[in-house]
Participant: 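Next up is a structure, given as structure tokens.
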Amino acid sequence: MSISSYLRSLMGNETPKISAARGGAISTPVKVNSTIVVRPEAAKKVARASGRDVYLNDDFDFGRFTTCLTATKSPLEVSDKDRSRVAIISDNKGASCTDIIIVNSEKINDPDLKSSMMDLRQRLVNYREKENLIVGHEPKWMRAHSGVQIEKIYNRYESTSDSQVVEVAGAEQQQAEKKIEAILVAGIEMKCSDIHIEIRNSSPSIRFRVNGDLVRYEHAHDFQKLVTLSKVCFQTMCEMKGASYMPGSTGHRAILDRPLTIDGAIRPARLRFQSISHGAHTDDMHDLVLRVLPVESMEKSIPLVDLGYEPDQARLIDDSVREANGVICFAGTTGSGKSTSIASCVVGYGEHHTLNGVCTKKIITVEDPIEFEFSIATQVAIPEASEDETLKEQRYSAPIADALRSDPDLMMISEVREKAAAGAMKKAVLSGHPCMTTVHAQSAIGAGERLEDIGIPLETLGSPDFINIFIFQGLAQLLCSGCKLTESELRIAGDEKRITAYDRIINECKESGIDLDRQSHRFRNYDGCKACSVHSPGVAGRTVVAEIFKPDLHAKTLIRKRELVELQKYWLDPDGLGGMSFRAHAFLKIERGLIDPIVVSDDWGKLNNV
């Protein structure tokens with residue numbers, strides 16, 4: 001049976017023909033129209049064709065393929081049985097990546113090979129859609145002459161991973177750990193939310209995100225030393241490693257827990273490790289992003305008005321938390337403060353149900369990873385990620401099922417981003433268990449669309465008791481009260497770029513019939529003062545800007561019918577739900593002189609779209 005015939009049976013349709021490109025040498029397959037053209041320029045004699053088959057030869061150039069995705073501890077790790085008959089190699093070039101599935105010719109007649117390969121191909125498609133946002137990804141296929149070739153592939157990539165641990169051993173490793181600790185301490189002391197280590201052949205840098213801005217920490221770095229830092233950080237300092245570390249590749253994730261001397265005292269620190277490749281050719285160039293996670297225990301709720309919510313908004317959320325039914329969903333982009341807000345609500349629920357110093361309700365959280373610690377709750381950590389579809393489903397469903405059997409009064413699922421989590425939350429709510437959660441979305445109503453996108457049907461979202469409230473929030477820079485500028489001071493300073501931007505805002509609002517109280521507007525002073533941080537001059541911190549959508553029965557009917565335009569109108573109509581949009585809330589804070597209209601417009605778009 002030829003590999004092409006096998007693929008036809010696997011895919012259920014005619015496999016594209018394979019032809020040689022000009023020049024005679026056969027190389028990496030590239031799909032052109034309905035034909036796979038094997039281009040000679042991509043590599044040196046990487047395969048030969050016989051009829052419709054593309055074979056792997058011993059002189060295959062593996063140089064451009066940085067990863068074996070099916071190797072041990074790799075994203076698509078396979079069973080021992082499948083290791084003898086298939087391997088997937090990849091150049092890991094993000095959205096333009098090339099993946100090749102290499103099948104052992106000697107195993108082509110195995111009775112279960114078809115189902116096994118269908119499952120593996122689907123895992124690869126799902127992996128690329130999740131990691132690189134590639135929809136409909138199609139891998140290339142090749143045929144190995146024997147199991148010996150397959151074995152050599154695994155030996156090549158797994159021995160490479162082992163050597164990477166060895167090459168940063170001893171004194172070099174100790175120096176790298178000290179440097180990483182110094183970077184972490186500096187970032188945490190500056191109260192940054194993220195640490196960006198940008199590893200480049202030229203102009204590598206380390207930057208911290210402070211109050212929403214990326215601030216340079218250091219610029220002049222040796223490229224190879226930064227590569228070593230990245231390896232040591234993942235391989236020796238992190239826990240929960242999911243794969244062998246390949247510098248320059250995308251998708252390494254882990255948790256780093258480490259005590260550090262911060263502001264003169266030893267404190268625990270927790271960071272989330274994420275790598276992403278850079279450039280058309282990897283060459284070990286990549287970004288390492290470390291998100292600083294909270295490690296302190298939240299024993300007392302933070303009043304929502306202190307975070308930046310309006311008193312009416314805070315009351316609406318607090319009432320919904322006390323009702324404790326359906327889904328209470330916080331939405332926002334990455335770094336929008338969702339975790340702090342939902343944690344405060346969890347603690348607030350416990351405070352409301354405390355009698356004589358004892359919480360009378362059972363609160364269970366299911367988190368990935370655990371961030372704030374609560375003495376009033378049982379906190380369950382989601383197991384380490386797996387690309388196996390069955391294991392992925394169990395990763396969420398099993399802990400949530402265990403929680404449901406543990407007599408909870410309230411559940412909190414830290415984030416819903418996959419169908420498995422959405423399905424598990426749906427089961428929890430439909431079985432009568434109120435649930436708090438977060439999603440990544442662009443608006444309060446958009447949070448419902450996001451839940452639909454990841455598997456909860458509109459019929460469920462629009463049912464009378466499923467959704468309690470949607471809260472969408474972002475964080476705006478809070479101006480330093482000691483040095484913020486008036487409009488006249490801004491114009492005297494002569495910053496033409498900012499003056500032009502502000503004049504544009506004024507004209508756009510006039511055209512839309514929006515009256516501005518320009519006397520109350522204030523602007524960031526980038527020179528700063530003694531009251532604000534030298535690392536974030538003119539900024540005193542960040543404040544929540546939010547919109548809240550608490551649907552009534554009519555709104556839920558519109559959700560079921562997917563009449564989203566009418567839903568938006570009904571939500572904002574004073575005779576309907578009388579909601580306040582995100583930009584309307586931003587306007588309130590601009591008119592109070594709390595946030596800079598120019599910065600808000602740059603971050604969130606035109607202000608006349610209220």
Side-chain angles (χ1 to χ4, degrees), residues 186-187 189-194 207-217 219 304-311 313 332-333 335-337 473-547 580-610:
E189 288 183 343
M190 287 170 58
K191 295 180 172 55
C192 77
S193 60
D194 300 89
R207 299 192 290 170
F208 300 152
R209 188 172 293 281
V210 181
N211 287 328
D213 292 331
L214 278 174
V215 178
R216 190 179 297 282
Y217 168 62
H219 175 68
L304 294 176
V305 291
D306 290 354
L307 296 177
Y309 284 95
E310 296 300 308
Q313 292 177 321
T333 57
S336 60
Q473 72 170 61
L475 293 175
Q477 292 178 339
L478 187 64
L479 295 174
C480 173
S481 60
C483 63
K484 57 187 176 182
L485 305 174
T486 64
E487 180 184 349
S488 61
E489 289 171 333
L490 176 68
R491 294 188 183 278
I492 290 171
D495 188 334
E496 292 300 327
K497 182 178 179 181
R498 296 173 72 199
I499 292 169
T500 300
Y502 184 53
D503 288 341
R504 187 197 71 242
I505 292 170
I506 293 169
N507 291 331
E508 289 172 350
C509 289
K510 280 183 179 179
E511 291 172 1
S512 300
I514 299 173
D515 294 326
L516 297 176
D517 180 12
R518 293 167 59 178
Q519 294 298 317
S520 66
H521 291 184
R522 295 296 181 266
F523 305 87
R524 181 176 175 180
N525 183 348
Y526 285 90
D527 292 329
C529 67
K530 292 181 180 180
C532 51
S533 168
V534 66
H535 304 295
S536 190
V539 176
R542 291 200 284 177
T543 183
V544 164
V545 177
E547 62 183 27
M580 178 173 62
S581 72
F582 181 81
R583 283 186 175 84
H585 190 203
F587 252 116
L588 281 180
K589 299 203 170 194
I590 290 170
E591 300 285 271
R592 294 169 186 160
L594 297 175
I595 61 179
D596 187 328
I598 300 170
V599 175
V600 172
S601 179
D602 287 344
D603 289 347
W604 294 321
K606 293 183 177 182
L607 295 180
N608 59 330
N609 294 330
V610 178

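FYI, side chains are in, hydrogens and waters are out, and symmetry mates aren't considered; it's all heavy atoms of this structure.
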Participant: Output, in order, the C-alpha distance, side-chain angles, deciding distance and verdict of side-chain contact (heavy atoms from CB on, under 4.5 Å) for Tyr217 and Arg207.
Facilitator: CA-CA 5 Å; Tyr217 168 62; Arg207 299 192 290 170; over 6 Å; no
Participant: Looking only at heavy atoms, which two atoms of Asn211 and Gly541 are closest? And how far apart?
Facilitator: OD1-CA, 3.7 Å
Participant: The criterion is salt bridge (charged side-chain N to carboxylate O under 4.0 Å, His left out); which residues satisfy it with Asp603, sequence neighbours excluded?
Facilitator: none
Participant: Starting from the C-alpha separation in whole Å, work towards a yes-or-no answer on side-chain contact (heavy atoms from CB on, under 4.5 Å) for Leu516 and His521.
Facilitator: CA-CA 9 Å; Leu516 297 176; His521 291 184; 4.0 Å; yes
Participant: Determine, stepwise, if the pair Leu478 / Val539 fulfils side-chain contact (heavy atoms from CB on, under 4.5 Å).
Facilitator: CA-CA 6 Å; Leu478 187 64; Val539 176; 5.6 Å; no
Participant: What is the distance from atom CZ of Phe587 to atom OG of Ser581, rounded to the nearest 0.5 Å?
Facilitator: 9.5 Å
Participant: For the side-chain contact (heavy atoms from CB on, under 4.5 Å) test, which of Leu485, Asp503, Thr486 pairs with Arg491?
Facilitator: Asp503
Participant: Could you state the interatomic distance from CD (Gln477) to CZ (Arg542), rounded to the nearest 0.5 Å?
Facilitator: 7.5 Å
Participant: Taking atom types as modelled and ignoring hydrogens, do the side chains of Glu547 and His585 form a donor-acceptor contact shorter than 3.5 angstrom?
Facilitator: no
Participant: Can you tell me if Lys484 uses its side chain to pair, donor with acceptor, with the backbone of Gly593 under 3.5 Å?
Facilitator: yes
Participant: Give a yes or no on whether a salt bridge exists between Asp213 and Arg524, defined as a side-chain N under 4.0 angstrom from a carboxylate O.
Facilitator: yes
Participant: For atom CG of Asp515, is the number of surrounding heavy atoms from other residues, nucleotides or ligands below 6.0 Å larger than 12?
Facilitator: no
Participant: Starting at NE2 of His535, measure out to CE of Met190 and round the result to the nearest 0.5 Å.
Facilitator: 4.0 Å
Participant: For Glu508, does its backbone N or O pair with a side-chain atom of Ser512 as donor and acceptor, under 3.5 Å?
Facilitator: yes
Participant: Got a second to check how far Arg522's CZ is from Leu594's CG, nearest 0.5 Å?
Facilitator: 10.5 Å
Participant: Donor-acceptor check, side chain of Asn525 to backbone of Gly538, threshold 3.5 angstrom: yes or no?
Facilitator: no
Participant: Can you name the ring-ring contact (aromatic ring centres under 6.0 Å, His included) partners of Tyr309, sequence neighbours left out?
Facilitator: none
Participant: So, are Arg504 and Glu511 salt-bridged, with charged N and O less than 4.0 Å apart?
Facilitator: no
Participant: Using modelled atom types and a 3.5 Å cut-off, is there a donor and acceptor pairing between side-chain atoms of Glu310 and backbone atoms of Val305?
Facilitator: no
Participant: Quick one: CG on Asp602 to CZ on Arg498, what's the gap to the nearest 0.5 Å?
Facilitator: 10.0 Å
Participant: How about Thr543 and Lys589: does a side-chain donor come under 3.5 Å of a side-chain acceptor?
Facilitator: yes
Participant: Please round to the nearest 0.5 Å and tell me the distance separating atom CG of Leu475 and atom OG of Ser336.
Facilitator: 6.5 Å
Participant: Decide yes or no on side-chain contact (heavy atoms from CB on, under 4.5 Å) for Lys497 and Tyr502, but give the supporting numbers first.
Facilitator: CA-CA 9 Å; Lys497 182 178 179 181; Tyr502 184 53; over 6 Å; no
Participant: Quick one: closest heavy-atom pair of Ala584 and Met580, and the distance?
Facilitator: CB-CG, 3.6 Å
Participant: Specify the closest pair of heavy atoms between Ser520 and Glu591, including all atoms of both residues, with the distance to one decimal.
Facilitator: OG-O, 2.7 Å
Participant: Ring-plane angle category for Phe582 and Trp604, please: parallel below 30°, perpendicular beyond 60°, tilted otherwise.
Facilitator: perpendicular
Participant: Any idea which heavy atoms bring Phe208 and Cys192 closest together, and the distance?
Facilitator: CB-CB, 3.8 Å
Participant: Which heavy-atom pair separates Ala586 from Ile595 by the least distance, and what is that distance?
Facilitator: O-CD1, 3.6 Å
Participant: Using side-chain heavy atoms (C-beta onward) and a distance below 4.5 Å, is Val600 in contact with Val545?
Facilitator: no
Participant: Where is the tightest heavy-atom contact between Cys532 and Ser536, given as atom of each residue plus distance?
Facilitator: CB-O, 4.4 Å
